[in-house]
Amino acid sequence: MSFFRRAGSSSDSDSSSEEEELLSSSGSEDEEAPPQKQEAKPMSRFLKTAGGDSSSSDSDSDDSDDSDESDDEDGPKKSRFLKDAPSDESDSEEETKKVVKSAKDKRVEEMEAVIKTLDNASKISDWVAINTEFDKLTRLVIRLQTLNEPIPAMFIKTLVSLDDDLKSDKGDTKKKLNATNNRAMNGMRQKVKKSIRDWEKDVASYRENSEEFESKAAAISAAHAPGVAPTKPRAEKAAEAADADELGFATIGKAGKATDEPTITPETLFRHLAGILEARGKKNTDRTEQVRTLERLLKVASTPYSRIRVLLALISSRFDYNATNQAHIPPQSWIQARAEFDSLIDILISQPQYIVKEETVEYEDSVERKPQSADDIVEVRGSLVSFIERLDDEFTKTLQNSDPHSLEYVERLSAQKTLYQTTVKTQAYFELIKAELPVSRTVMRRLEHIYSKPDAVVEVLEKAASQALGQLKSTITPPQSAFSSTKLVHQLCTYLYNAADGLLRTRAMLSHIYHHSLHNNYHTARDMFLMSHLQENVSRADVATQILFNRTVVQLGLCAFRTGLIREARDSLREIFQSGRPKELLAQGVTQQRYMTMTPEQERAEKSRQVPFHMHINLELLEAAYLVSCMLIEIPKLASATGDPDAKRKILSKAFKRQLDFAERQAFNGPPENTRDHIMQASKALQNSDWEKCRDLIHGIKIWSLMQGETQTKEMLTSKIQEEALRTYLFTNSAFYENISISILASAMELNEKTVNSIISKMIWSEELSATIDQSNNVVVFSKAEPTKLQSLSNQLLDRANSLVELNEKTIQLKFDDGTNKSDDLSARIRRGNRGHGHGQPKASRQQFANPTRKVPV
Amino acid sequence: MVAYDLTTRLIPFLDRHLALPLLNYLTDLDIYNQNQLQSAQYELVKGTNMVDYASQINPHESQDDKKKHIVDTQQQYQQKAKEVLEVLTNPDVSNHLTQDKHKNREILQEKFNLQPNSIEVLYDYGHFQFSSGNYVEAAEYLYHFRILSTEPAKVLSSQWGILASNILKGSFDQALEDFNGLRETIDRQHSQDKGTVIQLQQRTWLLHWGLFIFFNHEQGRDVLVDLLSHTAYLNTLQTACPWLLRYYTIAVIATSRQSQRQKSLIRDLIRVVNIETYQYQDPLTKFVEALYTDFDFNVVEAQLKEIDTVFTQDFFLSNEQLKDDFFSSARFYVVEAYCRIHSHVTISEIAQKVGLSEDAFKSWISKEEKFVVDSNAVYIPTETPNVLSTILDKSSALALRSQSIKQAITSIHEDIPQTPSEAAA
């Protein structure tokens with residue numbers, strides 16, 4: 001039982017609880033072990049007496065791994081460095097230098113050290129110490145097993161001798177021992193019994209002929225890893241390697257040929273590589289050291305194969321950083337990783353006979369390989385596409401985690417150009433080797449770099465990319481004679497529509513729509529948006545896609561605004577603003593939630609979703625566009641609704657209404673300070689049909705400068721304001737006139753008469769205004785059919801009374817009609833039903849597209 | 001004048017055979033280069049088995065080889081199909097057959113020794129006949145195939161074939177039935193992933209093929225209006241073939257004004273036209289826009305004249321009756337709008353707006369009940385409802401209704417005490 005516990009616990013995190021400790025320790029004790037508290041005391045007492053034996057303290061913290069691991073590590077290390085350490089035996093002084101040792105060597109040494117202490121402890125019958133040391137030993141053995149390395153003979157030997165000791169001790173020594181020791185011994189007995197059962201065969205053969213067994217085991221381990229056998233020659237070799245470490249590599253670089261030196265043959269190179277790969281991901285590996293070694297190896301590697309192998313290892317170890325401590329990869333490593341990846345791609349392009357694939361046939365790791373014939377292809381295991389995606393992700397992460405207003409951010413952002421070059425090159429390479437899935441994934445990454453950027457930026461990126469490509473040609477994006485980002489995005493997207501799966505296609509679609517909106521192709525963008533039917537199922541998509549969706553909708557709204565389609569703009573933007581959390585929905589920052597506290601994990605997840613600052617859509621601009629759209633729509637509506645309390649409820653833009661009401665309650669209105677103030681005061685001016693003031697206030701909003709096509713937008717707004725002012729004027733003042741001259745209206749609003757005519761005609765036709773145009777005199781004649789206040793009030797009263805009576809009828813029918821009057825009931829129901837459907841259901845229109853049900857990313 | 005011709009846009013969505021009448025019509029119109037038209041016709045015919053026709057258009061190219069080949073194949077098919085038809089025309093067979101296609105198949109195989117693949121012959125032969133221009137036979141063979149076959153793809157294809165054959169042989173009642181059947185089949189298809197694209201494509205075809213029915217069948221226009229009141233088809237029109245808006249507009253405007261739905265139909269039409277302005281405009285849509293969006297009656301006047309040329313140029317609209325219906329309705333709407341908006345409308349003024357002489361206008365308007373002509377003015381008599389009287393009406397009804405409730409309650413109350421006394425008795 002303890003065997004497995006240990007195995008599991010070594011991978012446990014620090015958080016393993018008190019309870020577990022209790023379990024494991026009591027497991028190693030006898031069945032009738034006293035509760036923890038009682039046990040702990042004698043233990044510590046024992047610790048004091050046993051003194052110096054650092055290892056026994058391990059039994060407490062066995063399960064908490066980190067410290068434990070390092071303890072394990074420290075033991076032998078210390079002994080190696082301190083000359084007088086008891087366990088330091090024949091290991092020579094050369095070893096004190098920094099030695100590049102394979103992990104295998106280290107493990108063997110560790111084991112030797114443990115066995116040594118074990119022997120010493122067993123000599124003095126210190127069972128507690130034996131117990132802990134044995135645990136350590138079994139753990140080491142398990143590790144060996146998982147790595148598929150042979151079990152050294154010394155382990156079996158120790159096992160057998162322990163077994164013998166226990167058997168001989170049985171009767172007589174028992175009484176001499178104190179309680180703790182006794183218990184430990186009993187625990188030991190069980191463990192040894194179990195271990196022997198596990199290694200039954202080896203133990204048996206050892207018992208038969210110990211010497212033969214030992215030599216055999218040594219032979220096996222020697223064969224398995226040449227130069228690892230704990231013999232004298234190994235030490236020498238290690239020493240040489242150590243020398244070479246400091247100087248050798250450099251000189252070889254000068255000599256130019258690695259094969260000349262006996263120590264750094266290609267074989268040693270691959271062995272080193274194998275060692276590093278093995279140690280990867282282990283807790284005790286020094287990552288920076290690894291990277292350094294790999295860099296040296298890269299200098300040595302001369303054949304394409306070895307370079308590819310080393311580069312693959314090097315890039316992946318660059319990405320190994322501690323994700324819990326660091327938010328992102330150190331910028332320096334990123335830059336290097338990118339450069340190395342670039343050179344890897346270069347090698348692969350120039351050496352078409354080498355191919356890096358995720359899945360390859362099995363091959364021997366430590367042998368240099370070359371294509372056997374002209375059309376032979378050497379496959380190397382690795383994933384280029386995951387590298388390029390990782391590079392991209394890390395790039396985003398560095399941006400997310402740096403202050404957008406600092407120079408640092410700009411500096412990092414400038415790396416985008418090189419990253420883009422690499423991406424394009426990789427894409428071209430994938431196309432060359434016809435790897436479909438990687439192509440689409442890379443194309444997606446490329447698309448994500450450019451879809452939200454203005455043309456000028458894309459052009460710069462593209463120029464750089466075409467430089468990087470050189471002779472390489474991409475079939476997806478053939479070089480354009482005259483650059484057009486729309487064309488490029490179109491090419492990329494169409495490729496993805498045809499090649500990619502659902503998610504990539506969705507994202508490509510959204511990016512495409514976004515791009516179109518950015519370029520004012522409102523109709524194209526809207527048609528694509530509607531045809532994609534995304535608003536129906538986006539709530540099932542992942543958060544990143546939902547964010548992209550929100551960004552697209554908002555961009556579409558801005559585009560509609562610029563095009564002068566005020567209603568469409570309002571509809572697109574409304575959803576985002578009604579939620580009250582536009583920041584979150586667009587992943588551009590987190591607003592503090594009043595009734596919600598986020599766990600650190602949530603916070604981190606939220607942070608990792610944020611869109612990097614340079615891709616933000618300006619929220620203030622968005623709000624300005626939204627509120628101005630609301631103003632243009634709602635102010636005339638409010639004006640037409642005076643005297644009708646129900647109409648006020650039909651206001652759709654609640655957020656706008658709320659702000660307007662708030663602004664109206666203010667006693668004093670100073671000069672407008674922010675965008676909102678501007679719009680609220682403009683709204684008031686529009687209510688008074690003072691279109692000039694309204695225009696000035698709206699034009700005074702500074703944020704428009706961020707809008708593309710600022711002047712056209714302002715012109716558009718001016719004419720819209722004039723029209724709406726006219727409508728508002730007619731609504732508010734028609735009751736006070738008998739007729740108004742159209743030419744006066746036109747000059748007051750500075751509109752031409754034709755427009756005024758058309759606006760008034762429309763209002764008359766839609767029965768908003770009860771009037772007629774007298775075209776011979778060019779005046780609008782208002783008909784006084786407007787009910788007086790008393791009349792309209794009595795109408796309202798009657799309507800309510802009506803519904804009351806209806807309610808009564810219904811109740812009566814429900815309560816007293818015990819089924820006898822079915823036909824009556826039915827006819828009543830039919831009558832009611834008819835009333836409900838009298839006008840035919842209005843069709844779901846294309847205009848109403850902006851009612852997606854969107855989930856809020858939390 | 002070529003500007004309003006839609007033939008080039010329609011043809012990609014039509015069958016070769018269906019496109020031929022359009023081209024023939026154009027030849028009569030004389031708005032395109034005749035040589036080009038002829039070569040286009042020849043290209044169309046070349047792909048069919050109508051050899052004689054082809055050599056008639058282009059006598060230079062010999063069709064003899066093809067003709068011989070066609071005659072041979074026809075004989076082969078005839079032979080094969082004969083066997084099948086013999087079985088099928090046997091009255092015994094039809095007595096045995098049920099609604100279940102699979103079961104039919106078994107019956108035919110067991111009792112009449114008809115192999116499933118011999119049914120395929122019907123399809124091939126039908127297709128061959130269609131290609132040769134023998135639409136009557138084609139429709140017959142394909143019909144037999146359709147009711148017997150179990151293969152969905154071919155059944156669908158045969159349905160298209162039957163529809164085309166019926167259109168071409170001029171039996172529009174039949175065609176309308178086929179049309180509705182086909183529409184059901186298409187609507188039933190599941191729209192998944194790529195399926196939507198196919199569905200869109202098929203709907204587009206259906207709309208185009210349907211044009212023959214819409215403007216030749218008596219109820220055709222209603223069918224068109226019905227079809228496009230479904231979102232799915234309206235969206236198809238908007239995304240794939242906005243030019244069909246012309247026919248939609250005509251159908252809506254020419255629809256009987258007595259129809260209950262007319263108001264909402266017009267509303268929908270205005271909306272669609274406004275949305276699609278950016279990608280399709282012609283005199284019809286401009287007319288709608290000018291009349292109901294801009295209220296610019298000068299433009300309305302101009303567009304009405306343009307519409308006249310549209311009618312003469314369009315293959316589907318060459319029907320005089322249709323033209324009369326349309327113009328009568330269109331005039332009505334123009335006058336209605338004009339009168340509602342303007343306070344004093346003289347006859348000369350309005351007659352000009354709708355493009356009629358004063359006398360013609362007078363005789364036309366006398367038939368319209370809605371308008372009143374008073375010496376020189378036209379107006380819509382409106383009774384502005386007296387506010388007081390409406391209020392009175394409403395309140396009197398209220399009193400009546402409340403009273404009946406009260407009575408109901410009292411009668412129930414009277415009932416209640418009776419029940420226990422009766423029980424006691």
Side-chain angles (χ1 to χ4, degrees), chain A residues 502 505 522-524 526-527 530-531 533 739 754-755 757-765 767 770-777 779-781 783 785-788 790-792 794-795 797-799 801-802 804-806 808-809 811-813 815-817 838-847, chain B residues 191 193 196-197 200 229-231 234-235 238-239 260-261 263-265 267-268 271-272 274-279 290-298 337-346 349 384-385 387-388 390-391 393-395 397-402 404-406 408-409 411-412 415:
Chain A
R505 205 155 60 199
Y522 176 75
H523 294 290
T524 328
R526 185 204 54 192
D527 284 355
L530 288 168
M531 268 186 276
H533 289 279
N739 50 42
K754 207 177 137 216
T755 325
N757 231 317
S758 140
I759 291 173
I760 294 175
S761 300
K762 203 169 183 177
M763 287 168 78
I764 296 171
W765 178 254
E767 293 175 348
S770 58
T772 49
I773 294 176
D774 184 347
Q775 70 277 34
S776 49
N777 297 322
V779 290
V780 194
V781 184
S783 51
E786 298 276 312
T788 60
L790 175 67
Q791 284 164 341
S792 70
S794 35
N795 253 331
L797 176 71
L798 272 178
D799 282 344
N802 235 327
L804 179 73
V805 172
E806 233 161 70
N808 278 342
E809 280 173 345
T811 325
I812 267 220
Q813 238 162 18
K815 281 221 162 171
F816 300 106
D817 255 16
H839 293 293
Q841 296 294 320
K843 311 277 146 20
S845 76
R846 301 227 298 176
Q847 262 174 325
Chain B
S191 48
D193 205 28
T196 13
V197 179
L200 179 75
S229 58
H230 286 96
T231 342
L234 194 60
N235 285 346
Q238 288 177 310
T239 45
Q260 297 249 314
R261 299 162 59 206
K263 236 183 179 167
S264 69
L265 280 180
R267 208 167 43 222
D268 288 349
R271 209 196 63 234
V272 180
N274 281 339
I275 291 176
E276 298 304 319
T277 328
Y278 77 98
Q279 53 174 351
L291 180 57
Y292 286 118
T293 311
D294 301 334
F295 294 92
D296 189 335
F297 291 92
N298 294 329
Y338 200 79
C339 291
R340 275 221 4 227
I341 290 169
H342 296 90
S343 50
H344 306 290
V345 183
T346 61
E349 190 185 343
T384 31
V387 186
L388 276 179
T390 46
I391 289 176
D393 281 352
K394 272 192 200 167
S395 46
L398 271 185
L400 213 71
R401 279 161 74 189
S402 305
S404 67
I405 293 175
K406 189 186 152 202
I409 292 171
S411 71
I412 290 161
D415 282 352

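Side-chain atoms are counted along with the backbone in the values below, which use heavy atoms only and exclude waters and symmetry mates. Chain naming here is simple, since letters A, B, ... match the order of the sequence lines and numbering starts at 1 in each.
Of all heavy-atom pairs spanning B/H344 and A/Q775, the tightest one is O-NE2, 3.0 Å. Considering every non-hydrogen atom in both A/W765 and B/A337, the closest pair reads CZ3-CA, 3.5 Å.
Using a 4.5 Å cut-off between heavy atoms, B/T346 does not touch chain A at all.
Most heavy-atom pairs under 4.5 Å with chain A: of the set B/I341, B/L398, B/V345, this distinction falls to B/I341. Highest contact tally toward chain B, considering only A/I759, A/N802, A/N808, is held by A/N802 [criterion: heavy-atom pairs under 4.5 Å].
Under the 3.5 Å distance criterion, the side-chain polar atoms of B/S343 are matched with a main-chain donor or acceptor of A/I773.
Under 3.5 Å, the side chains of A/D774 and A/N777 contain a donor-acceptor pair of N or O atoms.
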